[in-house]
*Asks:* 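Next up is a structure, given as structure tokens.
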Amino acid sequence: MEQTMFGITCRQIRRNKGLTQKEVYLGVMSRSYYAAFEHGDYSISAEKLIAVVANLRMTMAEFMFIYRGYQASEPDQLHHHIQELYNHWQLDELMAIYEQYRHSNDQLQRFNAILAYALVYITSNHSLKMSTTPIDELWAYFMNLKSWTLTDAKTADILLSLFRVKSPQHEQYIFNEIVNTYHRFEKLYDQEDNLASGLANAYLDWLQTLLLEHRYSMAHEVVDQMQTESLFDQNMEATVLRRLARVLVYLYDDYPQAKRDGDKLLNWLTNLHYGQTNILTAIFEVHKLRGQTHYERYKMPKQSQ
């Protein structure tokens, strides 16, 4: 049924764009078959649907968005809702989502449930003494995955924030695969901004884990690596996260200067009404306290007698 409804959506889009049937079916299928497809009488192969959508001068993501009535898919909507709840620290609601979807037959929805649980774990594990068992399914999935997609990379990002849940080797493997996956899809031009933002967030999550585990040398390497990411150059969010990453690392080496740089960056973002300012401020505050302690203990110049 869904396949035949694709044809009706194609007809709607074609008419709205002022295209003829010939402009859409040419090089893909016969006129008569396409006419029947547009009326919902026949389904077509995925390969032919992709070609028809290209002739409609749009991406498959745009087509599916229109097909769903200008709505994201249910898993995408739930994922977005989870992020919004986390941004507002609504942890009880996140746990309610975990309970609702953790036994879903839909793997994406089940992974969303684990994501909600993992976000609560990151925030409250020390006070709630939460188990890592629900997260093990994600680890097992990604450690056995042979070919990663962008959806996989975006889902795996949460694992980089789980402090000491698995070994450093597991964490490094996940991070490397995320970076490699984003670069494999780098030529997906209509997703370029999303790629840059997603990759920058993965870097920031990995960097924080390294700092929390006192792996400062590797943290410096990650910051240096971020400076060479050409994807970040024309993307506002990635540029901000790259600047914040540098501040976070140098809080541990040169706390007074890094604190001034961080305060200046966050004041600028506040005046700009930047949407993620509260989250970035919370991250800065965590590392500001830890960085000051480390700096005063190991890096601060000794005062002369």
Side-chain angles (χ1 to χ4, degrees), residues 72-104 106-139 141-142 150-166 171 174-175 178 182 193-212 236-238 240-241 244-245 248 266 269-270 273-290:
S73 67
E74 287 187 15
D76 284 346
Q77 290 184 52
L78 180 59
H79 186 88
H80 178 74
H81 184 50
I82 288 169
Q83 293 295 341
E84 287 294 306
L85 291 175
Y86 181 62
N87 289 344
H88 293 90
W89 303 99
Q90 296 179 2
L91 305 185
D92 290 342
E93 288 84 349
L94 288 174
M95 286 303 294
I97 286 175
Y98 168 67
E99 294 296 339
Q100 181 178 354
Y101 292 100
R102 64 175 179 158
H103 297 304
S104 173
D106 185 322
Q107 187 185 60
L108 279 177
Q109 295 292 59
R110 195 166 66 253
F111 279 8
N112 275 326
I114 298 170
L115 168 64
Y117 182 93
L119 290 171
V120 178
Y121 179 94
I122 292 166
T123 307
S124 306
N125 175 49
H126 293 299
S127 60
L128 299 180
K129 304 298 182 185
M130 296 169 67
S131 168
T132 63
T133 300
I135 302 165
D136 289 343
E137 181 182 356
L138 275 184
W139 279 106
Y141 173 80
F142 287 110
L150 277 177
T151 299
D152 292 322
K154 292 172 183 176
T155 305
D157 188 8
I158 189 63
L159 297 177
L160 300 179
S161 304
L162 299 173
F163 181 44
R164 292 181 180 171
V165 172
K166 295 292 180 180
E171 296 167 340
I174 293 293
F175 174 69
I178 290 173
Y182 275 106
D193 281 345
N194 290 334
L195 289 175
S197 297
L199 183 56
N201 276 287
Y203 267 105
L204 189 65
D205 287 338
W206 179 229
L207 176 68
Q208 290 187 81
T209 294
L210 294 175
L211 292 173
L212 292 172
M236 172 68 170
E237 183 177 2
V240 168
L241 296 186
L244 179 64
L248 296 184
L266 292 168
L269 294 176
T270 299
H273 301 292
Y274 186 68
Q276 300 299 313
T277 302
N278 289 341
I279 293 294
L280 300 185
T281 299
I283 292 171
F284 178 64
E285 291 298 323
V286 167
H287 291 280
K288 188 168 70 173
L289 291 173
R290 296 176 66 91

*Asks:* Between A116 and I97, what is the shortest heavy-atom contact and its length?
*Replies:* CB-CG2, 4.2 Å
*Asks:* Can you sort out the partners of E285 under salt bridge (charged side-chain N to carboxylate O under 4.0 Å, His left out), two or more places apart, ordered by chain and number?
*Replies:* K288
*Asks:* Any side-chain heavy atom of L94 within less than 4.5 Å of one from Y86?
*Replies:* yes
*Asks:* Is the number of heavy atoms from other residues, nucleotides or ligands within 6.0 Å of CD (E99) greater than 12?
*Replies:* yes
*Asks:* Please report the closest heavy-atom contact between V120 and L91, naming both atoms and the distance.
*Replies:* CG2-O, 3.8 Å
*Asks:* So, does T132 use its side chain to make a donor-acceptor pair with the main chain of I135 at under 3.5 Å?
*Replies:* no
*Asks:* Apply side chain to side chain contact (heavy atoms under 4.5 Å, CB included) to L204 and L248, showing your working.
*Replies:* CA-CA 10 Å; L204 189 65; L248 296 184; 3.9 Å; yes
*Asks:* Check A282 against W89 and note the closest heavy-atom contact, atom names and distance.
*Replies:* CB-CZ2, 4.2 Å
*Asks:* Rounded to the nearest 0.5 Å, how far apart are CG of L78 and CG of L115?
*Replies:* 8.5 Å
*Asks:* Return the CG to CG distance between L207 and L212, rounded to the nearest 0.5 Å.
*Replies:* 9.5 Å
*Asks:* Is any side-chain heavy atom of D106 closer than 4.5 Å to one of N112?
*Replies:* no
*Asks:* Pair E237, N201 - check side chain to side chain contact (heavy atoms under 4.5 Å, CB included), show working.
*Replies:* CA-CA 9 Å; E237 183 177 2; N201 276 287; 3.1 Å; yes
*Asks:* Taking the inter-plane angle between the rings of F142 and F111 on a 0 to 90° scale, is it parallel (under 30°), tilted (30 to 60°) or perpendicular (over 60°)?
*Replies:* tilted
*Asks:* When you compare the side chain of Y141 with that of Q107, does any pair of heavy atoms fall below 4.5 Å?
*Replies:* yes
*Asks:* Write down the atom of Q109, the atom of P75, and the distance for their closest heavy-atom approach.
*Replies:* OE1-CA, 3.2 Å
*Asks:* How many angstroms lie between atom OH of Y182 and atom CG of D157, to the nearest 0.5 angstrom?
*Replies:* 6.5 Å
*Asks:* On a heavy-atom basis, which atom in A196 and which in A238 lie closest, and how many Å separate them?
*Replies:* O-CB, 3.9 Å
*Asks:* To the nearest 0.5 Å, how far apart are CD in Q208 and CD1 in I122?
*Replies:* 9.0 Å
*Asks:* Quick check against the 3.5 Å criterion: does T209 have a side-chain atom that pairs as donor or acceptor with the backbone of D205?
*Replies:* yes
*Asks:* Compare all side-chain heavy atoms of E74 with those of L108 and state whether any distance is below 4.5 angstrom.
*Replies:* no
*Asks:* Within a strict 4.5 Å, meaning less than it, do heavy atoms of the I174 and W206 side chains meet?
*Replies:* no
*Asks:* Walk me through it: do H287 and L211 pass the test side chain to side chain contact (heavy atoms under 4.5 Å, CB included)?
*Replies:* CA-CA 8 Å; H287 291 280; L211 292 173; 3.8 Å; yes
*Asks:* Hey, does L160 have a side-chain heavy atom less than 4.5 Å from the side chain of I178?
*Replies:* yes
*Asks:* Using 0.5 Å steps for rounding, measure from the CG atom of L150 to the OG1 atom of T155.
*Replies:* 10.5 Å
*Asks:* Restricting to salt bridge (charged side-chain N to carboxylate O under 4.0 Å, His left out), what partner residues turn up for E137, sequence neighbours left out?
*Replies:* R110
*Asks:* Looking at every heavy atom in both H88 and E84, which two are closest together, and how far apart are they?
*Replies:* ND1-O, 2.9 Å
*Asks:* Who pairs with A96 by side chain to side chain contact (heavy atoms under 4.5 Å, CB included), at least two apart in sequence or on another chain?
*Replies:* none
*Asks:* Can you tell me how far apart OH (Y121) and CE (M130) are? Round to the nearest 0.5 Å.
*Replies:* 8.0 Å
